[in-house]
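Just so you know, ligand 1 is whichever comes first in the structure, and atom 1 is the first atom listed for that ligand.
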Amino acid sequence: MSNCIFCKIIDKKIPARIIYEDEHALAFEDVNPQAPVHALVIPKKHIPTIMDIGEEDGSLISHLITVANKIAKNKGIAERGFRIVTNCNPESGQTVYHIHLHILGGRRMHWPPG
Ligand code: DGP
């Protein structure tokens, strides 16, 4: 999608610190980290919100989780613990309308989340 910032990162039209890429997914460091480890995993397919995920996207979504797990392992937070967050629509705080998994770790996470 031409006006989507994450599609522009996928197309390498704007820079990002990319830490993983394959045919269907991309992961990069969040520009505004909220924890010592804060990466984003996105599908290359433009899906605006998790409400727009269809039955046909099942294997893609499970792939994103697999990629997130690999990143957690590579970043050394898999055993300590980490959090995967997906915001959906304005009240959750979603600001980029291309689905993404936040991978947060490297510090104690709080509950309930803010
Ligand atoms: P959310 O608020 O859940 O939609 O999260 C969007 C995240 O995307 C937020 O943590 C900041 C990050 N972000 C926004 N624009 C850019 C960008 O251009 N580059 C990178 N690396 N991250 C971005």
Donor-acceptor pairs under 3.5 angstrom involving side-chain atoms of residues 39-46: please list them, not counting sequence neighbours.
residue : atom : partner : partner atom : Å
K44     : NZ   : E21     : OE2          : 2.8
K44     : NZ   : D22     : O            : 2.8
K45     : NZ   : D57     : OD1          : 2.5
H46     : ND1  : H98     : ND1          : 3.2

What are the atom names and distances for all N or O pairs under 3.5 Å between ligand 1 and the protein?
residue  : atom   : partner : partner atom : Å
ligand 1 : 2 (O)  : G93     : O            : 2.9
ligand 1 : 2 (O)  : T95     : N            : 3.4
ligand 1 : 2 (O)  : T95     : OG1          : 3.0
ligand 1 : 3 (O)  : N87     : ND2          : 2.8
ligand 1 : 3 (O)  : H100    : NE2          : 3.0
ligand 1 : 3 (O)  : H102    : NE2          : 2.8
ligand 1 : 4 (O)  : T95     : N            : 2.7
ligand 1 : 4 (O)  : T95     : OG1          : 3.2
ligand 1 : 4 (O)  : V96     : N            : 3.0
ligand 1 : 4 (O)  : H100    : NE2          : 3.0
ligand 1 : 5 (O)  : H100    : NE2          : 3.0
ligand 1 : 5 (O)  : H102    : NE2          : 3.2
ligand 1 : 10 (O) : D30     : OD1          : 3.2
ligand 1 : 10 (O) : D30     : OD2          : 2.5
ligand 1 : 21 (N) : E29     : O            : 2.9
ligand 1 : 21 (N) : V31     : N            : 3.4
ligand 1 : 22 (N) : V31     : N            : 3.3

Problem set entry | Derivation and outcome, side chain to side chain donor-acceptor pair (under 3.5 Å), residues S92 and N89 | CA-CA 6 Å; S92 73; N89 282 331; over 6 Å; no
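- Applying the ring-ring contact (aromatic ring centres under 6.0 Å, His included) definition to pairs two or more places apart or across chains, none involves residues 47-67.
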Report, one line per pair, each donor and acceptor closer than 3.5 Å where one atom sits in a side chain of residues 105-114; sequence neighbours left out.
residue : atom : partner : partner atom : Å
R107    : NE   : Q34     : O            : 3.2
R107    : NH2  : Q34     : O            : 2.9

Problem set entry | E29 and V31: CA distance, side-chain angles, deciding distance, side chain to side chain contact (heavy atoms under 4.5 Å, CB included) verdict | CA-CA 6 Å; E29 308 283 357; V31 79; over 6 Å; no
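- Side chain of Q94 to backbone of V96: a donor-acceptor contact under 3.5 angstrom is found.
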